[in-house]
> 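Handing you a structure now.
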Amino acid sequence: ARAEIGVTGLSVMGRNLARNLARNGFSVALHNRTVARTNSLVADHGDEGDFIPSESMADFVASLKRPRAVIIMVKAGKATDAVIDALVPLLEKDDIVIDAGNAHFVDTARRERDLAAKGLHFVGTGVSGGEEGALLGPSIMPGGSAESYRKLGPIFEKIAAQVDGTPCCVHVGPGAAGHFVKMVHNGIEYADMQLIAEAYDLLRAGLGASPAEIAEIFREWNSGDLDSFLIQITAEVLAHTDGKSGQPFIDVVQDRAEQKGTGRWTVQSALDLGVPITGIAEATFARSLSGHVAQRAAAQSTFAGRAADTPIAGLVEDRKQFIEDVRNALYASKIVAYAQGFDHIRAGSKDNDWGIDPGAMATIWRGGCIIRAKFLDRIREVYAENPYLESLLVAPYFAEAVANGFDSWRRVLVTAIRGGVPTPVFSSSLAYVDALRSPRLPAALIQGLRDNFGAHTYQRVDRDGSFHTMWAEDKREVDA
Ligand code: NBP
């Protein structure tokens, strides 16, 4: 046995991860349910490093040095359980099973418990960066035991993306911490993409600009605070012309956004933890809404187009100002989405005793992953200064950016609402900040109503204790 690490599941992600490992000098055992994939990897890239292919799971396990480290990179869900079931009987105490797919963290927690009972380490690991990241350096978010990280850390840190000499990989925390953080990362990605889409929609409707012209605006934005991978590829996608029709590519793509589940899981978990991640939730619902084709058709014929009194183009007087306003609103909304995502990570960490360092997450997301951005350096700095910050929003740098954006944000939303352009994440993000900074919320009325119909009691502003008003009687107040 000579392989230092193994990969089973050699579709696009596993194949590229295995190549990345081999190119970095590790000897890699290879396995895939369908042998043809293993063979084609060796045929196409066998010269890139030391690959040890096996047709059977037993030979694959036998080719690994002990304690063994096996990466599973298959379709998340049943396939992962099938592979674990085939693998585990062949393993021995202290071997490490790494699930690098997009597993639901609840499944990861279950699998870790099951394998721990057999003396095995199970390491649920988030991997972000898509196909290219897997090959050239992803952002890696491993959970599992500290002991397993002692072996895996040096390998993962070597194959991860590097930013300013720092690897985009850190031991996130025990148990399912890694997959939890990857899930929230994807949730933030949903919000980020929806915000970009709303900005594009506003610019297109407000300026009557072509996708190619809007691509230029995004290209310019990418040289400032908004500098990020997603803004960069937005410019690329908007500038692209469809080869078949000669139309802008964006106009020949069906406007129904798909999802694989990580956004939904993020929102479900946030509901359980009571964390208001409004941006991610609105972004997830916006994708769902886009897919409700029959409802959209019915509403379109009922309300005729955008149903606005004044088309948005007629509302934009100063084009330059409008572009700047959209930019500021996008940046402020993005800060809100990240603030909410980091709140979610902190709540999940507290609930599960994971001890996740939020600043370390910002650090490992600076490179390799889909949400990589200059902005994450700021988040890293903010948490380095104060890891117990109440909210990213109140850190001086972000507070200033949000406060500076207020006027733009409101102007853009007034224009969007009058012109009938839907901006769920721009809007809900401003509402979130306005609610947080309100000295008094109408939640007091909710409490009054709850006490009225259900005797749910309330607290007073001027006295300690819980109280109930006898609504159906003489409305006297009693201690509850
Ligand atoms: P897929 O998610 O398309 O899965 C294909 C792989 O799963 C193949 O190797 C296939 O084997 C194997 N597999 C299946 Br399906 N059912 C199996 C079973 N019952 N037993 C054994 N193997 C089985 O591959 P991918 O796109 O490379 O993604 C791999 C993982 O990485 C997923 O969890 C994904 O969510 C995650 N991820 C993907 C990206 C991305 O950008 N694509 C990014 C980050 C994370 P076969 O060849 O025999 O059919």
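The shown structure was predicted, so the numbers you read here are calculated from the model rather than taken from an experiment.
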> Between Arg110 and Asp81 (salt bridge meaning N to carboxylate O under 4.0 Å), is one present in this structure?
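Salt bridge flag = yes for Asp81 with Arg110.
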> State whether Arg437 and Asp434 are salt-bridged, where the test is any N-O pair (Lys NZ or Arg NE/NH1/NH2 against Asp/Glu carboxylate O) under 4.0 Å.
yes
> Quick one: salt bridge (charged side-chain N to carboxylate O under 4.0 Å, His left out) partners of Arg113, sequence neighbours excluded?
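Arg113 satisfies salt bridge (charged side-chain N to carboxylate O under 4.0 Å, His left out) with no other residue.
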> Could you go through the side chain to side chain donor-acceptor pair (under 3.5 Å) check for Gln194 and Glu198 one step at a time?
CA-CA 6 Å; Gln194 175 65 24; Glu198 289 176 19; 2.9 Å; yes
> Is the number of heavy atoms from other residues, nucleotides or ligands under 6.0 Å of Phe406 CZ greater than 12?
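Counting other residues, nucleotides and ligands, CZ of Phe406 exceeds 12 neighbours.
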> What is the ring orientation for Tyr338 with Phe342, classed by angle as parallel under 30°, tilted 30 to 60°, or perpendicular over 60°?
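Plane angle under 30°, so parallel.
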> Using side chain to side chain contact (heavy atoms under 4.5 Å, CB included) as the criterion, list what pairs up with Met193, not counting sequence neighbours.
Glu189, Leu230, Arg287
> Under the ring pair (Phe, Tyr, Trp, His ring centres under 6.0 Å) test, which residues partner Phe122, sequence neighbours left out?
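In terms of ring pair (Phe, Tyr, Trp, His ring centres under 6.0 Å), with neighbours along the sequence ignored, Phe122 is linked to no residue.
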> Side-chain donor-acceptor pairs under 3.5 Å in residues 311-320, sequence neighbours left out?
residue: Asp318; atom: OD1; partner: Lys320; partner atom: N; Å: 3.2
residue: Asp318; atom: OD1; partner: Gln321; partner atom: N; Å: 3.1
residue: Arg319; atom: NH1; partner: Leu207; partner atom: O; Å: 3.1
residue: Arg319; atom: NH2; partner: Leu207; partner atom: O; Å: 3.2

> Could I get the full list of side chain to side chain contact (heavy atoms under 4.5 Å, CB included) partners for Glu132, not counting sequence neighbours?
Leu136
> Enumerate, atom names and distances included, each donor-acceptor pair closer than 3.5 Å involving a side-chain atom of residues 269-282, sequence neighbours excluded.
residue: Ser269; atom: OG; partner: His344; partner atom: NE2; Å: 2.8
residue: Thr278; atom: OG1; partner: Gln340; partner atom: NE2; Å: 2.7

> For Glu220, what residues pass the salt bridge (charged side-chain N to carboxylate O under 4.0 Å, His left out) criterion, not counting sequence neighbours?
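Salt bridge (charged side-chain N to carboxylate O under 4.0 Å, His left out) list for Glu220, sorted by chain: empty.
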> Under the salt bridge (charged side-chain N to carboxylate O under 4.0 Å, His left out) test, which residues partner Arg372, sequence neighbours left out?
none
> Sequence neighbours left out, what passes side chain to side chain contact (heavy atoms under 4.5 Å, CB included) with Arg346? Give chain and number order.
Pro358, Tyr383
> Using 30° and 60° as the class limits, which term best fits the ring planes of Phe105 and Trp354: parallel, tilted or perpendicular?
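Ring orientation of Phe105 relative to Trp354: perpendicular.
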> Can we call the ring centroids of Tyr190 and Phe285 under 6.0 Å apart?
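Aromatic pair excluded; centres sit 6.0 Å or further apart.
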> Scan residues 252-266 for pairs that pass salt bridge (charged side-chain N to carboxylate O under 4.0 Å, His left out), counting only residues two or more places apart or in two chains.
Asp255-Arg296
> Counting only heavy atoms not in Phe453, do more than 12 fall under 6.0 Å of its CZ?
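Above 12, so yes.
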> Would you call Ile84 and Asp99 a side-chain contact if the rule is heavy atoms closer than 4.5 Å?
no
> Just jot down the ring pair (Phe, Tyr, Trp, His ring centres under 6.0 Å) partners of Trp409, sequence neighbours excluded, or say none.
none
> Name every donor-acceptor pair, under 3.5 Å, that has one atom in a side chain of residues 237-246 and the other anywhere in the protein, sequence neighbours excluded.
residue: Asp242; atom: OD2; partner: Ser245; partner atom: N; Å: 2.9
residue: Asp242; atom: OD2; partner: Ser245; partner atom: OG; Å: 2.6
residue: Ser245; atom: OG; partner: Gln247; partner atom: N; Å: 3.1

> Can you tell me if Ser40 and Arg15 form a side-chain donor-acceptor pair at under 3.5 Å?
yes
